[in-house]
Asks: 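Below you'll find the structure I mean.
Everything numeric here is computed off the predicted structure, so don't read it as measured data. Each chain gets a letter, A, B and so on, in the order its sequence line appears, and its residues count up from 1.
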Amino acid sequence: MSEYKPKIVALVCNWCTYTAADLAGTSRLSYPAEIRMIRLMCTGMIDQKYILKAFLDGADGVFIGGCHPGDCHYIDGNIKAEKRIGGTRNLLSQFGFEPDRLALQWIGASEGPEFQHNMTAFVERITALGPSQVADRMIL
Amino acid sequence: MNEPTDTIKSHAPLRPSGIKPETCMACGTCSAGCPITGMEGFDPRKIVRMVLENRDQELIDSKLPWLCTMCGKCEHACPMGINIINIIRDIRGQVDRDKVPGQIHKGVELCLETGNNIGLPGEDFTFIIGDVAEEMAEEEGFEDFVPPIDKKGASLLHTLHNKLVNTQNEDLVHWWKIFHAAKEDFTMTSENWEGVNWGLFSGDDEAMKIIVGRIVDHMDTLRIEHLMYPE
Amino acid sequence: MATRSGLEKWFPEFFEKHKAFTVFDLLVTYISSGRITLDKNLFTMKIAYHDPCNYGRKSEEKFGHGYYEEPRWILSQFVSNWVDLYPAGANGYCCGGGGGTMLTPYKEVRSHYSRKKIEQIKRVNPELIVLPCHSCHGQIKQALAENNMDIPVKYLWEIVAEALIMD
Amino acid sequence: MNIHTVIAGAGISGIRAAFDLAELGHRVVLLDKAPSSGGILSQLDHQFPDNHCGMCTLLPMIDRDKGPQFCLRKGIFHDHVTFIPSAEIVSVKGPAGQLSVVVEKQHTGIDPLKCMACGSCESVCPVSVPDGFNEGYSTRKAVFLPVPHQIPNHRIIDFSVCTRCGECVKACPVSAINLDGEARKLEFNPVNAVILATGSGQYDPAQSDLYGFGVLPNVVTSKGLERIMSSSGPSKGQLFRPSDNKPIKRMAFLQCVGSRNLMENADHCSSVCCMFAVKEAVMACEKSHDDLTVSIFYMDMRTFGRDFQRYKDQAETSHGLRFIRCRVHSVEPCENTDGMKISYVNDKGMYMEETVDLVVLSTGKKTGLTHPDFYQNEGVFALSDTFDFKDIGESLVAADVAAGKAMALGGPPHTPEQRIFDTQRLSKKAMPLLVLCQCGNNLSNDLDLDLIESHLSAMPGAPQILKLEQACGAAGFESIGTALTSSQANRVVIAACNPFLFDHKIKALARDAQLPDGFFKTLDMRSHVTGKTKNEQTQSLLSQIKSTVNSLNLTLPVYREKRTVTPSALVVGGGPAGLSAAFCLASAGIDVDLLDKESQLGGNGIHFSPGPEKNSLDKLLSSVTNHPKIRVHPATCLTRHQGLAGVFTATITTPNAVEQKIPHGAAIVATGGGQAQTLDYCASQHNGILSVFDLAKGLGDKTLNPLDFSKVVMIQCAGTREEPRNYCSRICCTKALLNAIAIKEANPSASIHIFYRDMMSYGESEKIYTRARQAGILFIPFDLHKKPQVAVNNQTIHVTGFDPVLQEDVQLAPDLLVLSTGIVPTDNQIISKIFHINTTQDGFLKEANSKWRPVDSGREGIFVCGLARAPLGFQEAMDEGISAAMRALRILGRPFLETPQVTARVRHSLCSRCQACIPECPYQARYLDEENGKIMVDSVSCQGCGACASLCPNSSIMMGQFEEKGIMDSIEFFLNEACP
Amino acid sequence: MMMYPLNSPDQGIVQTVRSMLQELLGKKLADAVLVLASNPWSDVPMPTLFTDPDRMEGVDPLAPVAPVSSARQASALTRSPSGKTVVLVLRPCEIRALIELVKLNQCSLENAIIISMDCLGRMENKIFSDEAKTGPGITERFLSSPELQGKITTTCSTCNDFLPENADITLCTLGAEPGHMGFEALTDKGKALLESLGFKKGDDLPKRKQDIAALADKRSLSKKELFDATALQMSTIDGFQTFIGRCLNCYNCRTACPVCYCKECVFLTDVFAHPPELLLERATRRGAVKMPTDTSMFHLTRLSHIGHACVGCGQCSSVCPSDIQVADMFRTVSEKTQAFFNYTPGRDVTEPIPQLVVRNGKRGD
């Protein structure tokens, strides 16, 4: 078995974190290959099902990146997300998922370095946690 | 209530910008920058404020104007360009002469009387000059130096700071040496040789004018073309 | 300063017949015209220059020109390591003895004032202080002594005189 | 293409003016001297009150598809706006409406059409100079990215430092660099109007010997601090001392550097620095977890915006900011450390000294800027006070006013593009076309495109694949067009680099193929492909392609509702704001119903005394009352307001109690305000106690005679700027100053004392304050805990105050005491309920966003302006009226409103009508249609955030292009990538 | 709180309650009554909507059975305003569910009078039916027989929320001597009703406090045991998977659930309608995939959608054809969810649903 590489889904908002990711990309600030990014218009758009789906489908970590509070293009979508994601994290933790596997971070549009830093740190954190208990199960 | 007219505020001299002291916005720059703010109640901003309120007499009666070195650092940063130094000098000038503290007015009086601020008699002056010059002539390169006094038609008038003929004779020679090396045709005067004009500090325009007038007289009577400003 | 403003105020016709020079004007003329030559190896120590208010700010205000550049030019002609105090020039600190305060009995205020000068000097820590003013000379010497600082103080023309090369 | 307006200056005002006009269907050229857009805001990431960005809030909300849907800091991408960087207008000739505008575009060395932003040039450039973007706190090369986050992100060459060594030319893989080019002249002709929005520069503190700027490394400007704290700044957002990267424990802000200074020829206030400093102080405290002492040295804290005072108070209490009322003389270094010493006089009159690690200079605006010579040409409109610093909200209002003038010169009537869709093609099963760009074979080292191709062909709903050598060139696009014509493909994915650049071209492709824009997607092969090895990168791209293709396959054509706009407006309130709004709308050809509950129009203006303000109001009044497009309804109340943007209905009650319905497309609320009452300072106990406004009125109509007053005392902020009315009313200080000057001029022997907390003579009114002092009026500042005391005994008014300068009590027995009681809104309680819009805690109508949407209410189609929204001056109120009118015109100026692509849609068959989505919508775009028992989306107000969709448990809400299934499938693809 | 005790009513408890409800209709104090009533065609009483007092002979609200949550029926009845006053006789958990449904605009309590009871629990239908067959008066027997009371569902025997909140009137049996009971008015409306029916205010039932405390203690203890065991099993995804391993995606649990209010479940929509390719691809990746798929997803999604609102009625377990103790899982997990959001379902109609409203607590008008 080769070196463990976590599977990570990043759900990011179009306005801030995606822009930061883009800035990181264009600034050649490389971030780990394990990240698979899905752009949404707003973190407020994130249905809890997406997170559940990701974990049940074998994600080792789910990263959600949105605008800083007050920064949301849609006024308060990020705050809604924070509340909802808090609930989901609470739910998942009851089923033995380490709460750390689900991260919510605010990364502003000009924060390319923060994006890189957060991604790297998240991958490190997940790598340290090891594979999720779902890995290689047949459940869905 | 009518405004009194002959007040410091009303005749406070304007800086070239023409700014009236009323323009002061009490921002505190002057007081923040003055090293003696707070000493014995000194506070430039307060002084300006008092001037604006026509509290002239309080200022005249206080020692505040005499604490100020009139260095102008306050004015330098004053965003409104208030002429604080001239206000100080105006106050100083309105103080009864016998109430001027320390040596300033006494020096002025002596100068008017004797031609120098320390009242040094003429023969003492000549002796000191001669004595110091003799010593200097012992140094290499200055052997032929003779101090010129009252030399008619000299090119440059050299006045002296009283302390050079008083406590600090050794400092007399520096300019002599330079003049000597530069082959400058200079002269000193035996009378009214004082270069320092304390009328400026005491706010005494009358005395100041007389003392400056003496230099003009020297230049005219000795037919000297050039003047080296004393200070 | 007093003489010049007095002349300008009460004897404007003086300038029709005469020319007047400041100490700097004379020194600059002597040096630049070669009337005096100065030894460049004499003043190699760290020298701090002090701007007197009269030649700086007040001259600037009264006569439209502050003598900041001239003394520095003169120093640069023969002093290898001269430094400025901070702040210097138009925002420089008075020695504490200006305005005739040397002649008043308020010595305490005067020493308090000069603490600023002393702080400035301490920051630079020179081996010699040079200045072109009798008042400043007296006050700074006194202030140094009060602060137990053993740094010599000389007139600008004094070091010029000392550096003269007589042929 | 016809250009209607050329706008010089792509700062926030220029951008706003450009969007204003673009939304009206005008074609705009926007240019900037700088190589980037955004002006000063490109360097500032954070704005109070929330201390974050929010610039994207400025993007067009109506017809979103025409504008960009990504961060505005990246650049300006709008179908109707062409942005030209590094360019300036050199001449404007001809009559308005037919101007010939010549623009000079600098040669920047790199051909943007060839450059692929690889950065090789920069890596070989040997030059290193301080980077202006970071205010000199980092270095850059001679060839550099002026703003790192901007798109297009090709570099430019700074020829002033370039050594022309030619290394970059050698390094460029696509020969895009030319060191010898020259500036090009572009001519636009005919152009309707030119708008000058070139803005102001900042005062350079290095020109003063007081602050040590440029000498002491830890003296920075406020902008410098902004860079130091910025994530894209030199320390990546860490707050460090520039000299030694040590943490900062003590920080001092010096206000009014270069402002309020007659010696610097700056008899003005720069208006924004106070709040800027407070904001930065708060950010710095937050960054250092409050392990920081911040002192702000000020003369007057100019918190004159509606919500500023509370922001400042909050900052003071929660972060312990120290506000010290003293202008600092100069900054000196400490002995033996990199710290600095600052001396000041405290509120006890004591001389204090303290040491700080960082000194921040709140530098004001630059003075002595001059307009170009064509400034006064007909058809050229400079933003009001172009060279002033303004709060963002006010800048936008000024931009709207200028855009309004440009618009008034005529432009195209808004003719929305008639899109034809190939319904037959659309109704077929999804058939995707995948364009794979090989980037001139530059990608072959990183990606195995063949493998991708073979793998994709096995995918369900497999795309047709078109491999192109270079997709971004003209040839590339032609091939895509051909492929679309020759196939039945009805979805397109373009995998290439820099997809932002394709925005325009893709829209053109979509138009030609008669497909919706949303059926085209781009995928960034460079910046979003992760991984180190070729295999990893190929895999990353493959799964992204699969996910994109799949979600496109799932994307269905959006039902595009066409809402016919009622081309008339309702303006409620006939004061200065309402009048100017009505006139602006009518001038644009819109019918206006202007309501006022009073029988006479003019609002507070009816009390104006003769003078320029009265003249301009009278002129406006007669223009309004005589305008054929404006119907004035005096003494009329609004009782009900229903409907949606574009199709509102108002119910009004006329003076004779008749109900009438007025259909309209947009409404402007300008119901005004009036002077507040106070019980403080014995306000009603003596007839010699007046309010500042009553005195102004009395002096104006000569019912009060200045000669009757020998001793006058004025007290500012009476009952205001403290809870519960903790806001500045903005105009009282200036009014008081003018009153005082008027008295003093007529009666020079009168003594006048003004007690004030912070003299709010912002901007150019500073000159009035200076004039007042010079007139001999005495000003005494006071703090809340040391207010002046007023007593009335035996018919005499006694005022006791404390003069902090003299540290003495002041006893006065004035014959006239004037109180500045401030302004309160009228009628907002009722009006906010009728319109379903929010109010602030003080009862002012709350705008959607004080910075970026200053006159929008929270509901699309309803706009707020004037005193009803915030205290402001006459001219400011009129400007806001125009701003509101311009916003309304975005709707009224078009025949119908269409549903943008990313919009929520309700599947009624699934909807349980729980109505949870209604309050969840931040745009009030959802409502219950009671008649049909259905939850509806107001597709014009909906901005596509998807909060409703994620909330709805049975997924009855579909987000165009972000359908749940597509996202779920993407997750599945990503997590189950098979190694190709 | 006001007690209207009835000492040793001649007709017995069931008939007393029945008469009281009949009188409500007879005196036109209400237009209709929704209450559990037996009918000849069913072996268990069913919720029945009465308007004619003469048809109310089968009314038996205290019968220890609830074949369906009456909250759903109550909701259907009050979904849109009818202008009629309806008496809803509901168990405490049903009221809680109803309150949640009010928050979701699925019904309204505007014209409703709610009568509830000291809930001693319900039996599964089959057990009830069997017990009922053993002799007449199952309800009266149940009320006095600890043995029969031991046959209630696991959910009920571990429920310590057996006293109603948000009712107008409670039918009290706890603390009463055998065969005695009381009517308790919880609201002014309830008080007025009871008084217009001629009930006389009296002392609280003699042992009421002690009996309630004793039952609460007993229930809490068993609840803790159950929740601890369930939480342990849920603490890994394997445990969870084992717990729901038999799930056949019948969606009975969500149909029976009184707070699962969606008109159509998202799992029945196109979002989860997978094409064969996708199913095959899933299997290909893992080598094996259990069918039907998305069962874990279903239960977790339901937990995340309505975990905060679970009122612990146990209907989901009762209706599961695969005998999955869905309620045990739901109640255990939801208890923590509710603690996390500091939310108690059914407590107060004005308490905002935690995951929904975040806009400064402000709903648009």
Asks: Less than 4.0 angstrom from a charged side-chain N to a carboxylate O is my criterion; do B/Lys177 and B/Glu139 meet it?
Replies: yes
Asks: Counting only heavy atoms closer than 4.5 Å, note whether D/Arg260 contacts chain B via side chain, backbone, both or neither.
Replies: both
Asks: Could you check whether D/Lys786 makes a cation-pi contact with D/Phe802, meaning its NZ or CZ is under 6.0 Å from the centre of the six-membered ring and within 45° of the ring axis?
Replies: yes
Asks: Please identify, among B/Ala26, B/Cys24, B/Gly28, B/Ala77, the residue contributing the most non-hydrogen atom pairs under 4.5 Å to chain D.
Replies: B/Ala77
Asks: Between D/Arg250 and D/Glu354 (salt bridge meaning N to carboxylate O under 4.0 Å), is one present in this structure?
Replies: yes
Asks: Quick one: are the ring centres of D/Tyr344 and D/Phe297 less than 6.0 Å apart?
Replies: yes
Asks: Side chain, backbone, both or neither: which part of D/Asp300 has a heavy atom under 4.5 Å from chain B?
Replies: neither
Asks: Rounded to the nearest 0.5 Å, what's the gap from CG on B/Asn197 to CD1 on B/Ile211? Could you check?
Replies: 4.5 Å
Asks: Can you list everything that forms a salt bridge (Lys or Arg N to Asp or Glu O under 4.0 Å) with B/Glu170? Sequence neighbours excluded, please.
Replies: none
Asks: Relative to chain B, which segment of D/Ser343 carries a heavy atom at a distance below 4.5 Å: side chain, backbone, both, or neither?
Replies: both
Asks: Determine the option with the most heavy-atom pairs under 4.5 angstrom with chain D, choosing from B/Cys30, B/Gly33, B/Ala32, B/Gly38.
Replies: B/Ala32
Asks: List in chain and number order the residues that pass salt bridge (Lys or Arg N to Asp or Glu O under 4.0 Å) with B/Glu40, two or more places apart in sequence or in another chain; answer none if no residue qualifies.
Replies: B/Lys63
Asks: Could you check which of B/Met50, B/Met25, B/Met39 has the highest count of heavy-atom pairs closer than 4.5 Å to chain D?
Replies: B/Met25
Asks: Measuring heavy-atom distances to chain B, does D/Leu806 have an atom under 4.5 Å in its side chain, in its backbone, in both, or in neither?
Replies: both
Asks: Is D/Asp267 in contact with chain B via its backbone, its side chain, both, or neither, using a 4.5 Å heavy-atom distance?
Replies: neither
Asks: Is D/Ile780 close to chain B through its backbone or its side chain, or both, or neither, when contacts mean heavy atoms under 4.5 Å?
Replies: both
Asks: In terms of heavy-atom pairs under 4.5 Å with chain B, which of D/Thr770, D/Ile342, D/Leu778 leads?
Replies: D/Leu778
Asks: Charged N to carboxylate O below 4.0 Å: is that the case for B/Lys99 and B/Asp96?
Replies: yes
Asks: Answer with side chain, backbone, both or neither: which region of D/Met299 has an atom nearer than 4.5 Å to a non-hydrogen atom of chain B?
Replies: side chain
Asks: Check this for me: B/Lys163, atom NZ, are more than 12 non-hydrogen atoms of other residues, nucleotides or ligands nearer than 6.0 Å?
Replies: yes
Asks: Considering only heavy atoms, which portion of D/Glu808 lies under 4.5 Å from any heavy atom of chain B: side chain, backbone, both, or neither?
Replies: side chain
Asks: So for D/Val805, is it side chain, backbone, both, or neither that comes closer than 4.5 Å to the heavy atoms of chain B?
Replies: both
Asks: Looking at B/Ser31, B/Cys27, B/Pro79, which makes the most heavy-atom pairs under 4.5 Å with chain D?
Replies: B/Pro79
Asks: Could you check, using the six-membered ring where one of them is a Trp, whether D/Tyr769 and D/Phe779 have ring centers closer than 6.0 angstrom?
Replies: yes
Asks: Relative to chain B, which segment of D/Gln774 carries a heavy atom at a distance below 4.5 Å: side chain, backbone, both, or neither?
Replies: both
